[in-house]
> 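This is the structure I have questions about; it appears just below.
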Number of protein chains: 2
Amino acid sequence: MSLSHAILASLIGESPSSGYDLAKRFNATVGFFWKATHQQIYKELARLESEGLLESEVVVQEERPDKKIYGVTEEGKELLLGWLAEPATPSPIKEELQVKMHVGYLLPKEIIIDELKRHRKLHRERLDLYNEREKRYFSDVEKLSDKGRFRYINLRSGITFEKSRIGWIDEAIKFLSEFRAIK
Amino acid sequence: MSLSHAILASLIGESPSSGYDLAKRFNATVGFFWKATHQQIYKELARLESEGLLESEVVVQEERPDKKIYGVTEEGKELLLGWLAEPATPSPIKEELQVKMHVGYLLPKEIIIDELKRHRKLHRERLDLYNEREKRYFSDVEKLSDKGRFRYINLRSGITFEKSRIGWIDEAIKFLSEFRAIK
DNA sequence: TATGCATATGAAAATAGTTGCATATCAACT
DNA sequence: AGTTGATATGCAACTATTTTCATATGCATA
């Protein structure tokens, strides 16, 4: 179960967080590479605490509902480090768009092209977001902390991916547009 | 549940297949975008048949164990077409390597670089496989059938992805190698 | 003759993920 | 005074996936 590792990774560099804050941070950082709903996160936090990998404290708040904040224990850190040193397992891809393209010949090409354009827009938006982050937080790469440098590497991974995806979509649209009806 | 659609997509252009053959073809084609074990496939085939989306026939074999071959029914085809016309849902990404990079500063950079190199090798192998396929089956793009054209588009997607991934890994290794220890 | 390998299918248990529901506080707006 | 929205946490049911185990044939190899 690697959600646990993703959660530990999201918690470890930061000050102790509530499930709510973690879920938000998770979706804004690790969440680009690993999705989790708040239900999953709360459940996993409870499990990790019961196994001694996290410890929690209830914070009473005046202006908001009380919250429970979690921090990584020494044992939790060790577990994360152990996992880190192991080779990553191949990622279980599920590219629905690609499955559709596999049988794209069953539909009029206009519909396929529209769907590709829709995806292009999503990737363009994601790329814009990444570019903005790069500009805002990583303008001076030389001055990054150790942690910052790894965040930058991940951001670059996202940028590279979105660009290549857009490139492929453009190629595919062009290729499809030039189809003459055969067969 | 979209495994059902992936299975229908894998069956529809081909002659009726056994679960065994389907599993093999699946892993060699759609499987690059959607993973499924044979256990999942057999179970799903049974379910799809019970819903009238597939029909099967037992083939008695002399030199091998008997097999049950499945074909898509008219109802199954309609369901697939309906699904095709709908927008694809965003894919649930799980990039373990990226989660590791998120906390890569917790390990000596040499270990991270080794892991990146390992991934580079995997992507390089995959890319070689794709390139070979392109050369062998898609040397003359002009002459492709409608179906072939969509297979080509998917292959191009794979090639684009692997290349960009290798590009990112090289960038990351270079960036990490030039690290001076800070902080 | 036994051992492994490819073919062929599936049950069962455990783990993981999605979806819908439920509850509660407090601030701000209507 | 009531509604909406952000904060805050979680249960339960369902669906999907992974892992482990099981069985059987026939061919080739040691």
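Below, chain A is the first sequence line, B the second, and so on; all start at residue 1.
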> What I want to find out is whether B:E142 reaches B:R149 closely enough, with some N-O distance under 4.0 Å, to be called a salt bridge.
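The answer is no: the pair does not qualify as a salt bridge.
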
> Just the atom pairs and distances: protein N or O near nucleotides 19-23 of chain C's N or O, under 3.5 Å.
from, atom 1, to, atom 2, distance (Å)
C:dG20, O6, A:Q39, NE2, 2.8

> Whole angstrom is fine here: how far is it from CD in B:E57 over to C1' in C:dT9?
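Rounded to the whole Å, the gap is 17 Å.
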
> Nearest whole angstrom, please: distance from the P of D:dT20 to the CD of B:Q40.
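After rounding, the reported distance stands at 15 Å.
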
> Pair up each side-chain donor or acceptor in residues 21-32 of chain A with any protein partner under 3.5 Å, not counting sequence neighbours, and list the distances.
from, atom 1, to, atom 2, distance (Å)
A:D21, OD2, A:S18, OG, 3.2
A:R25, NE, A:S10, O, 3.3
A:R25, NH1, A:S17, OG, 3.1
A:R25, NH2, A:S10, O, 2.8
A:R25, NH2, A:S17, OG, 3.4
A:N27, ND2, A:A23, O, 3.0
A:T29, OG1, A:R25, O, 2.7

> Among residues at least two apart in sequence or on other chains, which ones pass salt bridge (Lys or Arg N to Asp or Glu O under 4.0 Å) with A:E115?
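Result, salt bridge (Lys or Arg N to Asp or Glu O under 4.0 Å) vs A:E115: A:R118.
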
> Check the distance between D:dG10's C1' and A:E44's CD and give it to me in whole angstrom.
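It is 14 Å, rounded to the nearest whole Å.
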
> Please report, rounded to the nearest Å, how far the P atom of C:dT18 is from the OH atom of A:Y42.
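Between P of C:dT18 and OH of A:Y42: 17 Å.
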
> Taking atom NZ of A:K147 as the centre, report whether more than 12 heavy atoms of other residues, nucleotides or ligands fall under 6.0 Å from it.
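More than 12 within 6.0 Å, yes.
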
> Within this structure, what is the CZ-to-C1' distance between B:R47 and D:dC14, rounded to whole angstrom?
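Spelled out: CZ on B:R47 to C1' on D:dC14 is 13 Å.
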
> Short of 4.0 Å, heavy atom to strand atom, which residues of residues 6-35 of chain B count as contacting DNA chain D?
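Close to the strand, none.
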
> Is it true that B:E171 and B:K174 make a salt bridge, defined as a side-chain N closer than 4.0 Å to a carboxylate O?
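Salt bridge flag = no for B:K174 with B:E171.
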
> Salt-bridge test for B:R156 and B:E134: reply yes if a basic N is under 4.0 Å from a carboxylate O, no otherwise.
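The answer is yes: the pair qualifies as a salt bridge.
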
> Between side-chain atoms of residues 77-89 of chain B and protein atoms elsewhere (two or more places apart, or another chain), which donor-acceptor pairs fall under 3.5 Å?
from, atom 1, to, atom 2, distance (Å)
B:W83, NE1, A:E96, OE2, 3.4
B:W83, NE1, B:H5, ND1, 3.4
B:T89, OG1, A:E96, OE1, 2.6

> Could you give the CD1-to-P distance, from A:I41 to C:dT18, as a whole number of Å?
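Whole-Å distance recorded here is 11 Å.
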
> Where the side chain of B:P92 is defined as all heavy atoms beyond and including C-beta, which of C:dA8, C:dT18, D:dT18 is the nearest nucleotide?
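The answer is C:dT18.
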
> Listing request: all ring pair (Phe, Tyr, Trp, His ring centres under 6.0 Å) pairs with a residue in residues 153-175 of chain B, at least two apart in sequence or in separate chains.
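Of all non-adjacent pairs touching residues 153-175 of chain B, those that pass ring pair (Phe, Tyr, Trp, His ring centres under 6.0 Å) are A:Y152-B:F175, B:F175-B:F179.
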
